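Reading through the structure tokens given below for one structure.
Residue indices begin at 1 and follow the sequence shown. When a ligand or atom number is given, it counts from 1 through the structure's own listing order. This structure is a prediction, so every number in the text was calculated from the model and none was measured. Note that these values count all heavy atoms, side chains included, but never hydrogens, waters or copies made by symmetry.
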Amino acid sequence: MPKIVVNSDLASAEIYLHGAHVTHFQPRGAAPLLFVSKASVFREGKPIRGGIPLVFPWFGPHESHPEAPPHGFARLREWQIESCESRTDDSVRLVLALSSDESTLQQWPHAFSLRLVVLVSNGLDMTLEVKNTTNADFTFEEAMHTYFAVSDVRSITIDGLAGVEYLDRADNGTRKKQGGAAIHIASETDRLYLNTTGRVTIHDPTMRRTIFVEKESSNATVVWNPWIEKARAMADLGDGQWIPMVCVETANARDCAVTLGPGHTHRMTSRIGVAG
Ligand code: TA6
């Protein structure tokens, strides 16, 4: 499958045209930030397991068509390269594009054009642009479903979501409120935090690093780890592969879905990197 490989003084990165899927980001002098499953398939019509899957235009299972691909079709389509440029500050800017077509219109009856703008420097900035090319409003969900590489998910803590309301998708979507302390992962965790725009940090004492996730125009954050049984049951993840990963996802979904007017463009940005 075709991919763009970036090697600069600041970082290295890889992004597949399949799904405009970032599978590698490593700031110079740091360990890779992203987890990719060794059992992932790289095949048309299948999502890559790990890296930064793009979720659009619905989050999770389709609300009325169970046969539709979970998390929408954007991560299953071949995107086009619009531009690739290295800049005087040693950063590299990539733009990939995807527009609606017969196939997408059958799954989601709205015309759109997407652009993913990726800026590789000592951090990774990604902006998903959604343009409504119809003559009426439409409402969509989206996410950068980022899989972070950690030493052991049981030994990390996640800060930045204290007091935030969330839908507990591991408990029938029950609405709950996050306590004040840092988040520890000690079982299957699948939480869609709502109306939250703040910076989230993943503290990994074993790797002696803190990863940050900052965002703009995103009002939801998802924290996910499949834990033992779910990981074992996923052919493209596998036994024990829940340990070295955690997802902290920059999203707009459910109560925080986006309604976009005709001709308008929405831009959601996520910036990840190593703090300090
Ligand atoms: O973001 C968490 C989640 O919605 C989980 O419920 C789980 O389904 C995960 O995404 C992975 O989804 P996928 O379709 O990539 O297997």
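- Every N/O-N/O distance between Trp224 and ligand 1 stays at or above 3.5 Å.
- No hydrogens or angles considered: nothing links the side chains of Asn172 and Thr174 as a donor-acceptor pair under 3.5 Å.
- Exactly one residue among Glu141, Glu165, Glu63, Glu142 makes a salt bridge (charged side-chain N to carboxylate O under 4.0 Å, His left out) with Arg254. That residue is Glu141.
- Atoms of ligand 1 lying under 4.0 Å from at least one heavy atom of Pro70, given by number and element, are 14 (O).
- Distance remark: protein heavy atom present below 4.0 angstrom from atom 12 (O) of ligand 1.
- Of all heavy-atom pairs spanning Thr139 and Ala257, the tightest one is CG2-CB, 3.9 Å.
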- [ ] Given ring-ring contact (aromatic ring centres under 6.0 Å, His included), test Trp108 with Phe140 step by step and report yes or no.
- [x] CA-CA 10 Å; Trp108 194 65; Phe140 65 93; 7.2 Å; no
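- The N/O atoms of His145, backbone and side chain alike, include one that comes under 3.5 Å of an N/O atom in ligand 1.
- Applying the ring pair (Phe, Tyr, Trp, His ring centres under 6.0 Å) definition to pairs two or more places apart or across chains, those involving residues 186-211 are Tyr166-Tyr193.
- Between atom CG of residue Asn195 and atom SG of residue Cys256 there is a gap of 4.0 Å, rounded to the nearest 0.5 Å.
- The Val222 neighbourhood of ligand 1 comprises atoms 1 (O), with distances under 4.0 Å to a heavy atom of that residue.
- Among protein heavy atoms, the minimum distance from atom 8 (O) of ligand 1 is reached at His71 NE2, 4.5 Å.
- When only non-hydrogen protein atoms are considered, atom 4 (O) of ligand 1 lies nearest to Arg169 NH1, 2.9 Å.
- Proximity annotation for atom 14 (O) of ligand 1: of Met234, Arg49, Arg75, Glu249, Arg75 comes nearest, heavy atoms only.
- Below 4.0 Å from some heavy atom of Asp190 lie the following atoms of ligand 1, by number and element: 2 (C), 5 (C), 6 (O).
- Contact between Glu188 and ligand 1 is absent, with no heavy atom of the residue lying under 4.0 Å from the ligand.
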- [ ] Let me see the working for Ile185 and Val223 under side chain to side chain contact (heavy atoms under 4.5 Å, CB included), right down to the final yes or no.
- [x] CA-CA 10 Å; Ile185 307 286; Val223 175; 4.1 Å; yes
